[in-house]
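What follows is one structure encoded as structure tokens, with my remarks underneath.
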Amino acid sequence: MKADFYTEVYNIVREIPEGCVVTYGQLAKLARRPQCSRMVGQAMFNVPKELNLPCHRVVNSQGRLAPNWAEQRGLLEKEGITFKKNGCVDLKKHIWEDILPII
DNA sequence: GTTGTGACTAGTG
DNA sequence: ACACTAGCCACAA
């Protein structure tokens, strides 16, 4: 069911600390669907803004940001995220590795 | 049931 | 760095 997976993703995204980022793959793994990284992206696009999730802290494995979303860069900069020269997030510094062993 | 789509990932050139 | 491919999954039409 999408609702359950989405809920898991939202719940995790909500826990992302300030100044940190997380990849779709990690998020998918934490949501107990390691292969569904694409669904994480869909979940982020469909996320109700009312939930006030820090979806701007979710990036892909390369540290690339969501396409056609100029705001994300500014939001991350405000959070204290640093970018490389090419504009990608410095994953090594800000990647969120706090694995929560649900189950 | 099949097809097209995507805010993905890893690999290759 | 970029472009492309193949694998992957769930959803919408």
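All chains are named by letter (A, B, ...) in the order of the sequence lines, taking the proteins before the strands, and each is independently numbered beginning at 1.
For residues 36-62 of chain A, every residue pair satisfying the salt bridge (charged side-chain N to carboxylate O under 4.0 Å, His left out) rule, not counting sequence neighbours, is listed here: R57(A)-E79(A). For residues 12-21 of chain A, the set of pairs meeting the salt bridge (charged side-chain N to carboxylate O under 4.0 Å, His left out) definition, not counting sequence neighbours, is empty.
Using a distance-only test at 3.5 Å, with no hydrogens or angles considered, no donor-acceptor pair links the side chain of Q72(A) to the main chain of L65(A). Between the side chain of Y24(A) and the main chain of M39(A), no donor-acceptor pair closer than 3.5 Å is present.
With sequence neighbours excluded, the residues forming a side chain to side chain donor-acceptor pair (under 3.5 Å) with T82(A) are H94(A), listed by chain and number.
Taking a 4.0 Å limit (strictly below) on heavy-atom distances, residues 35-43 of chain A reaches DNA chain B at S37(A), R38(A), M39(A), G41(A), Q42(A). Of the residues in residues 61-75 of chain A, those placing a heavy atom less than 4.0 Å from an atom of DNA chain B are S61(A), A66(A), P67(A), W69(A), in numerical order.
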Inset, instruction - Take F5(A) and Q42(A) through the side chain to side chain contact (heavy atoms under 4.5 Å, CB included) test and state the conclusion after the steps. - result: CA-CA 11 Å; F5(A) 178 68; Q42(A) 290 295 312; over 6 Å; no
Inset, instruction - Let me see the working for V58(A) and V21(A) under side chain to side chain contact (heavy atoms under 4.5 Å, CB included), right down to the final yes or no. - result: CA-CA 6 Å; V58(A) 183; V21(A) 297; over 6 Å; no
Inset, instruction - List the steps, then state whether side chain to side chain contact (heavy atoms under 4.5 Å, CB included) holds for W96(A) with I12(A). - result: CA-CA 11 Å; W96(A) 185 50; I12(A) 296 164; 3.9 Å; yes
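Considering CG of L51(A) and CG of N11(A), their distance stands at 10.5 Å, rounded to 0.5 Å.
Within a 6.0 Å sphere centred on CD of E77(A), heavy atoms belonging to other residues, nucleotides or ligands number more than 12.
Straight-line distance from the CG atom of N46(A) to the P atom of dA10(C): 16 Å, rounded to whole Å.
Protein chain A contacts DNA chain B over a range whose 5' and 3' limits, counting nucleotides with an atom under 4.0 angstrom from a non-hydrogen atom, are dG6(B) to dA10(B).
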